Amino acid sequence: MPVPVAKLTFSTMQADYQELLPVTARAMALAIDYDHGHVISVHRHAHAQLIYAIDGVMTIATQDGRWVVPPTRGVWLRPGVEHQIRMSGNVKMRTVFVNCANSPLLPRHSCVLEISPLLRQLIVAAVDIAPDFADGGRDWHLLQLLLHELDSLPVLPLYLPLPLDARLRGICERLMQEPGEQLTVAHWAAQLEITERSLHRLFQKQTGMRFGHWRQQARLLRALEQLAHGAKVIDVAMDNGYTSQSAFAAMFKKHFGTTPTDFYRAAPTAIKKNAAMHQ
């Protein structure tokens with residue numbers, strides 16, 4: 001079945017862009033640029049959405065948790081998921097909406113995906129596809145390949161789940177705002193008037209993660225946002241509670257497979273040249 005595509009490119013003044021999408025379109029690609037600090041307020045879409053940026057970092061917040069999305073990564077959001085998006089650095093978003101009813105191979109859960117070089121090129125190219133393309137033609141095949149490529153991508157650990165328990169959620173909110181906070185589990189347990197073991201058990205049940213692992217994840221994801229805005233590595237390390245730049249770099253490399261300095265150099269030059277054509 002052919003998948004019609006609509007193209008929209010406009011300024012950040014139109015934050016309610018989801019209302020501009022054609023009702024009849026089964027899929028559409030958009031190119032939207034945002035300044036650092038811009039926030040798209042809570043909203044949701046009838047279609048699934050692949051949220052990707054060729055430059056800058058986006059933080060997507062939902063009721064259940066947060067995703068941090070640097071270049072070379074993307075977030076797949078299922079239809080109807082309420083979310084807010086915050087920009088770190090100047091963000092060049094390239095996003096694709098898809099009607100899942102006509103694409104059964106797509107991911108069944110919202111997640112962070114590693115965007116392959118092929119998929120990056122397909123996303124950028126899809127922005128230029130007009131809605132009146134011919135069935136079986138070049139544009140039709142390009143979009144079909146894009147959807148198949150989505151199904152083959154690995155899911156990445158760039159998600160920070162949030163507990164439903166109001167007491168634990170309060171702790172998490174504070175740690176996200178002050179990632180360098182060094183208060184111990186014993187302190188938080190005393191605040192909640194429960195044992196450390198009970199806190200660990202409840203936190204694991206609510207988030208699927210150990211408390212220490214969650215805090216480490218929160219610090220690393222915050223670091224991604226800060227680095228995207230051009231912060232110095234040493235300042236990011238200190239702000240996130242590390243005792244030295246080398247300790248931060250070692251943990252960063254263990255988690256992401258590269259150093260903080262090299263992380264945002266991962267996008268191939270060819271992709272950046274192609275992306276520049278759509279600025």
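This structure is a prediction, so every number in the text was calculated from the model and none was measured.
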Across all chains, not counting sequence neighbours, the ring-ring contact (aromatic ring centres under 6.0 Å, His included) partners of H36 are H229
**OP:** Check whether more than 12 heavy atoms from other residues, nucleotides or ligands sit under 6.0 Å from atom CZ of R169, and answer yes or no.
**Re:** yes
Is any side-chain heavy atom of Y242 closer than 4.5 Å to one of M251? yes
Let me check something: any side-chain donor-acceptor pairs from residues 188-199 under 3.5 Å, sequence neighbours excluded? List them with distances.
unit_1, atom_1, unit_2, atom_2, d
T195, OG1, S198, N, 3.0
T195, OG1, S198, OG, 2.9

Requested in this report: Test W214 against L162 for side-chain contact (heavy atoms from CB on, under 4.5 Å), laying out the working first.
Outcome: CA-CA 9 Å; W214 186 96; L162 291 175; 4.0 Å; yes
Using 30° and 60° as the class limits, which term best fits the ring planes of F211 and H200: parallel, tilted or perpendicular? perpendicular
Closest heavy-atom pair, P71 versus I54, reported as atoms and distance to 0.1 Å, is CB-O, 4.1 Å
Note to self: Could you tell me if the side chain of T95 sits less than 4.5 Å from the side chain of Q49, heavy atoms only?
What the structure shows: yes
Using distance alone, with no hydrogens and no angle criterion, decide if E149 and S116 have a side-chain donor and acceptor under 3.5 Å apart. yes
When every non-hydrogen atom of V69 is compared with those of G74, the smallest separation belongs to CG1-CA, 3.6 Å
Query - Distance-only polar pair, side chains of E82 and T62, donor-acceptor under 3.5 Å - result: no
Output yes when a side-chain donor or acceptor of H148 lies under 3.5 Å from a complementary backbone atom of L146, and no otherwise. no
Do Q217 and H255 have side-chain atoms, one donor and one acceptor, less than 3.5 Å apart? yes
Sorted by chain and residue number, the side-chain contact (heavy atoms from CB on, under 4.5 Å) partners of Q206 (sequence neighbours excluded) come out as P163, L164, D165, L168, L202
Would you call the rings of H45 and F97 parallel, tilted or perpendicular, taking 30° and 60° as the class edges? perpendicular
(message) Regarding R86 and E225, does a basic nitrogen lie under 4.0 Å from an acidic carboxylate oxygen?
(response) yes
Quiz item: Are R73 and E114 within salt-bridge range, i.e. N to O under 4.0 Å?
Solution: no
